[in-house]
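All values below come from the heavy atoms of this structure, side chains included, with hydrogens, waters and symmetry mates left out. Just so you know, these numbers come straight off a predicted model, no measurement behind them.
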Amino acid sequence: MSNDSLSSTEQACIVNDYLDCLQVIMVNTTLPANIGSAARAMHTMGLSRLTVVDPKLPIDETSVSHAAGGSELLSSAVIAPTLESAIAGCQLVFAASSRSRHMPRPVVTPTQAAKIMFDFIDTQSALSANDNNVNTSSDAVSGKPSIAILFGREDRGLTNEELAYADYHIQIDANPAYPVLNVASAVQVIASFIFAYAQTHAQTADNLDSDTSAEAQSTINVNLRQQWDEPAINQQQLQQLTQRTTDLMVQRSLANSEHLKSLPSRLSRLGSRLQLDQKEYQLLSALIAKLSKD
């Protein structure tokens, strides 16, 4: 395609391709009307994949009436028995949360979340295209990336256990004295930021270089450490963990001590990317010590 501006139809197709990778997951809802209101909010912002986990009451006429033009989303909605089953096929999970939790995850704004989502979709789609070009067999893996956005109960949101499934927590700027939104309103706000970001991103997505697939193989998202419940490990601890892991792999015949090649460097890089804290370091150290003795 030329570098001329995209037509409205072309841009809409690109936007839809991105939004089709996203699914909204509502957990243990109380009121069917809120499911309908969320469906309407999603439809307004171009989202079409809705999953409801273990609702206290099923989708009913009040859901349909509140959905208005988004009633088709209710017809195609997936009812999942557990959150684990709902996110089983997702590669990236976000959770809407109004407050910090005991075991924090990286916290992002809706705009930051949209950027992370779309960059992830670009990278995974490019890798998938490259794999399909290399592997022409019938069992070549294909398919769109799948990203979930979790929304909790009307009265108490998501539990700590449910929030732990998320890679990122999305927080909406609001009155600090009462930063709590109705679940359908939260869907509307986050979806609106995603849709707005999609409009801009679609303009640049078509102008990517023809070698995007090759570049994607050396691209990975790296998180910046945010406010955490435990201090980060230091470099000495990281190198100790790297050495202990290497020794364990040699002991378990998973690596050859004479031909380690880049194994120590890769393990060190993995540790840096994980950004371990002191508690996590202690857990891994105890695990390695136990495996080394067995």
Side-chain angles (χ1 to χ4, degrees), residues 12 15-16 18-53 55 62-63 65-74 77 83 86-87 90 92-101 104-121 146-159 162-163 165-202 226:
V15 168
N16 287 337
Y18 279 107
L19 298 182
D20 282 346
C21 297
L22 311 180
Q23 65 169 313
V24 167
I25 299 180
M26 302 179 71
V27 178
N28 201 206
T29 52
T30 299
L31 300 176
N34 281 330
I35 302 175
S37 296
R40 177 175 184 172
M42 291 172 60
H43 184 61
T44 302
M45 297 300 163
L47 298 175
S48 59
R49 298 171 58 197
L50 172 63
T51 298
V52 184
V53 175
T62 63
S63 306
S65 63
H66 281 76
S71 58
E72 284 189 10
L73 274 71
L74 299 179
L83 179 56
I87 63 174
C90 298
L92 191 62
V93 179
F94 292 79
S97 178
S98 63
R99 60 188 184 276
S100 179
R101 300 289 180 149
R105 289 290 192 276
V107 177
V108 295
T109 66
T111 299
Q112 291 170 330
K115 183 181 187 307
I116 294 169
M117 292 175 190
F118 284 44
D119 288 348
F120 180 84
I121 293 169
S146 183
I147 299 173
I149 312 171
L150 312 182
F151 293 88
R153 301 157 186 79
E154 291 92 332
D155 57 344
R156 55 191 176 91
L158 295 163
T159 66
E162 290 161 348
L163 285 167
Y165 286 111
D167 300 292
Y168 297 90
H169 292 173
I170 305 175
Q171 288 191 353
I172 300 169
D173 288 336
N175 177 9
Y178 190 72
V180 181
L181 289 173
N182 170 275
V183 62
S185 298
V187 172
Q188 179 78 70
V189 172
I190 292 175
S192 68
F193 277 96
I194 292 172
F195 186 76
Y197 189 88
Q199 306 303 304
T200 302
H201 193 79
Q226 302 187 2

Peer 1: Please list, chain by chain and in numerical order, all residues satisfying side-chain contact (heavy atoms from CB on, under 4.5 Å) with Arg40, sequence neighbours excluded.
Peer 2: Thr44, Ala68
Peer 1: Going by ring pair (Phe, Tyr, Trp, His ring centres under 6.0 Å), name the residues that satisfy it together with Tyr197, two or more places apart in sequence or in a different chain.
Peer 2: Phe118, His201
Peer 1: Under the side chain to side chain donor-acceptor pair (under 3.5 Å) rule, collect the residues that match up with Ser146, sequence neighbours excluded.
Peer 2: Arg49
Peer 1: Could you list the residues that satisfy side chain to side chain donor-acceptor pair (under 3.5 Å) with Ser65, not counting sequence neighbours?
Peer 2: none
Peer 1: With sequence neighbours excluded, tell me which residues meet side chain to side chain donor-acceptor pair (under 3.5 Å) with Gln23.
Peer 2: Thr51
Peer 1: Rounded to the nearest 0.5 Å, what's the gap from CD1 on Ile121 to CD1 on Ile147? Could you check?
Peer 2: 4.0 Å
Peer 1: Could you go step by step and tell me if Leu92 and Tyr168 meet the side-chain contact (heavy atoms from CB on, under 4.5 Å) rule?
Peer 2: CA-CA 9 Å; Leu92 191 62; Tyr168 297 90; 4.1 Å; yes
Peer 1: Could you list the donor-acceptor pairs under 3.5 angstrom formed by side chains in residues 184-193, with sequence neighbours left out?
Peer 2:
from	atom 1	to	atom 2	distance (Å)
Ser192	OG	Gln188	O	3.4
Ser192	OG	Val189	O	2.6

Peer 1: Got a sec, which pairs hit salt bridge (Lys or Arg N to Asp or Glu O under 4.0 Å) with one end in residues 20-34, sequence neighbours left out?
Peer 2: Asp20-Lys144
Peer 1: Are any of the side-chain heavy atoms of Asn34 and Val183 separated by less than 4.5 Å?
Peer 2: yes
Peer 1: Under the rule for side chain to side chain donor-acceptor pair (under 3.5 Å), what residues qualify as partners of Glu72, not counting sequence neighbours?
Peer 2: none
Peer 1: With rounding to the nearest 0.5 Å, note down the distance linking CG in Asp155 to OG1 in Thr29.
Peer 2: 11.0 Å
Peer 1: Counting neighbours of CG on Asp173 that are heavy atoms of other residues, nucleotides or ligands and sit closer than 6.0 Å, is the number greater than 12?
Peer 2: no
Peer 1: How far apart are the C-alpha atoms of Ile149 and Ile194, what are their side-chain angles, what is the distance that settles it, and do they pass the side-chain contact (heavy atoms from CB on, under 4.5 Å) test?
Peer 2: CA-CA 11 Å; Ile149 312 171; Ile194 292 172; 3.6 Å; yes
